[in-house]
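Step one of this worksheet: look at the structure below.
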Amino acid sequence: MNTERILQQAREHARAAGKRHAGDLTPKEAHAVLREHPKAILIDVRSQPELDFAGFVEGCCHVPWQLYPGMTPNADFDADLRKKAQPDNLLLLLCRTGGRSLAAAEHLADLGYRHCYNILGGFEGKHDPYGQRGKVEGWKASDLPWRHK
């Protein structure tokens, strides 16, 4: 399936579900969009320690939604994002499990960013039966490229 069709289906599902952001993508769909759309921007909204310890997708832009420690809202999120992206850019948002990136995508949609997509399952996804992340869902479990510092 080509990426325009992937994005169209994500938009249709989002509208049907009453979501404000453009839509949700699986990690593999997001990776395909990033490969085929040179202007697509991957925004990782995790805290800096999460990137340092869990790994990251090379080439991503880092704009934390919440700040460590305490995971308090990042008061500079809007200004920091404006330095990296404009409302017409194609933005793919990633966090650890998909919750913060969803909240950020909805927030950005309210600010006029029309092409914000949440990546389902995030970078590490939910826990497996042994309490470990990165094996059940998400970017890592989808065997997509990532690295540690």
Side-chain angles (χ1 to χ4, degrees), residues 1-126 133-134 137-142 144-149:
M1 179 180 300
N2 72 29
T3 58
E4 285 304 322
R5 183 72 183 133
I6 290 169
L7 295 174
Q8 179 184 350
Q9 283 184 338
R11 287 189 298 270
E12 289 170 1
H13 289 134
R15 276 193 298 272
K19 295 181 177 180
R20 298 186 311 274
H21 70 287
D24 300 311
L25 301 172
T26 67
K28 288 190 181 217
E29 290 170 337
H31 186 252
V33 170
L34 288 165
R35 280 194 331 262
E36 292 191 25
H37 287 272
K39 293 185 179 184
I41 302 170
L42 178 62
I43 306 287
D44 195 321
V45 301
R46 293 177 294 155
S47 67
Q48 187 62 52
E50 289 174 291
L51 274 70
D52 293 343
F53 294 112
F56 61 95
V57 179
E58 204 158 25
C60 73
C61 292
H62 179 230
V63 183
W65 178 246
Q66 296 173 323
L67 302 174
Y68 181 87
M71 301 311 281
T72 57
N74 178 4
D76 296 324
F77 179 81
D78 297 352
D80 291 346
L81 187 82
R82 276 193 298 274
K83 293 175 187 172
K84 301 185 187 269
Q86 300 303 310
D88 287 336
N89 290 136
L90 175 57
L91 305 180
L92 310 181
L93 283 82
L94 180 71
C95 69
R96 184 175 69 181
T97 63
R100 283 175 284 168
S101 53
L102 173 60
E106 293 280 286
H107 171 75
L108 291 171
D110 292 342
L111 294 180
Y113 287 80
R114 299 182 346 229
H115 310 288
C116 292
Y117 293 85
N118 176 46
I119 300 175
L120 297 166
F123 187 69
E124 294 185 285
K126 63 185 174 188
R133 294 186 189 275
E137 64 181 4
W139 194 274
K140 281 183 169 181
S142 297
L144 296 170
W146 64 278
R147 64 185 225 91
H148 280 113
K149 268 190 157 183

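We count residues from 1, following the sequence as given.
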Walk me through it: do Gln8 and Glu4 pass the test side chain to side chain donor-acceptor pair (under 3.5 Å)?
CA-CA 6 Å; Gln8 179 184 350; Glu4 285 304 322; over 6 Å; no
Separation between [atom1] of [X] and [atom2] of [Y], rounded to the nearest 0.5 Å:
X	Y	atom1	atom2	result
Ile119	Thr26	CD1	OG1	9.0 Å
Lys140	Ser142	NZ	OG	12.5 Å
Asp24	Leu120	CG	CG	4.5 Å
Asp78	Leu108	CG	CG	7.0 Å
Phe123	Cys60	CZ	SG	8.5 Å

Cut-off 3.5 Å, no hydrogens considered: what does the side-chain donor-acceptor table look like for residues 43-55, sequence neighbours left out?
residue: Asp44; atom: OD1; partner: Arg46; partner atom: N; Å: 3.0
residue: Asp44; atom: OD1; partner: Arg46; partner atom: NE; Å: 3.0
residue: Asp44; atom: OD2; partner: Arg46; partner atom: NE; Å: 3.2
residue: Asp44; atom: OD2; partner: Arg46; partner atom: NH2; Å: 2.7
residue: Arg46; atom: NH1; partner: Gly55; partner atom: O; Å: 3.3
residue: Arg46; atom: NH2; partner: Gly55; partner atom: O; Å: 2.8
residue: Ser47; atom: OG; partner: Glu50; partner atom: OE1; Å: 3.0
residue: Gln48; atom: OE1; partner: His62; partner atom: ND1; Å: 3.3
residue: Gln48; atom: NE2; partner: Asp52; partner atom: OD1; Å: 2.9
residue: Glu50; atom: OE1; partner: Ser47; partner atom: N; Å: 2.7
residue: Glu50; atom: OE1; partner: Arg100; partner atom: NH1; Å: 2.8
residue: Glu50; atom: OE1; partner: Arg100; partner atom: NH2; Å: 3.4
residue: Glu50; atom: OE2; partner: Arg100; partner atom: NH2; Å: 2.8
residue: Asp52; atom: OD1; partner: Lys149; partner atom: NZ; Å: 3.3

So, for [X] and [Y], which heavy atoms are closest and what is the spacing to 0.1 Å?
X	Y	result
Cys61	Lys84	CB-CD, 3.7 Å
Leu25	Leu92	CD1-CD2, 3.7 Å
Ala14	Gly23	CB-CA, 3.7 Å
Gly112	Pro87	O-CB, 3.5 Å

Can you tell if the side chain of [X] reaches within under 4.5 Å of the side chain of [Y], non-hydrogen atoms only?
X	Y	answer
Asn118	His21	yes
Pro145	His31	yes
Phe56	Trp146	no
Leu93	Tyr117	no
Leu7	Leu90	yes

Does [X] use its side chain to pair, donor to acceptor, with the backbone of [Y] at less than 3.5 Å?
X	Y	value
Asn89	Gln86	yes
Arg96	Glu124	no
Gln9	Ile6	no
Asn74	Asp76	yes
Glu106	Arg20	yes

More than 12 heavy atoms of other groups within 6.0 Å of His37 NE2:
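Yes, enclosed.
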I would like to know whether His107 and Trp65 meet side chain to side chain contact (heavy atoms under 4.5 Å, CB included); could you show each step before the answer?
CA-CA 10 Å; His107 171 75; Trp65 178 246; 3.6 Å; yes
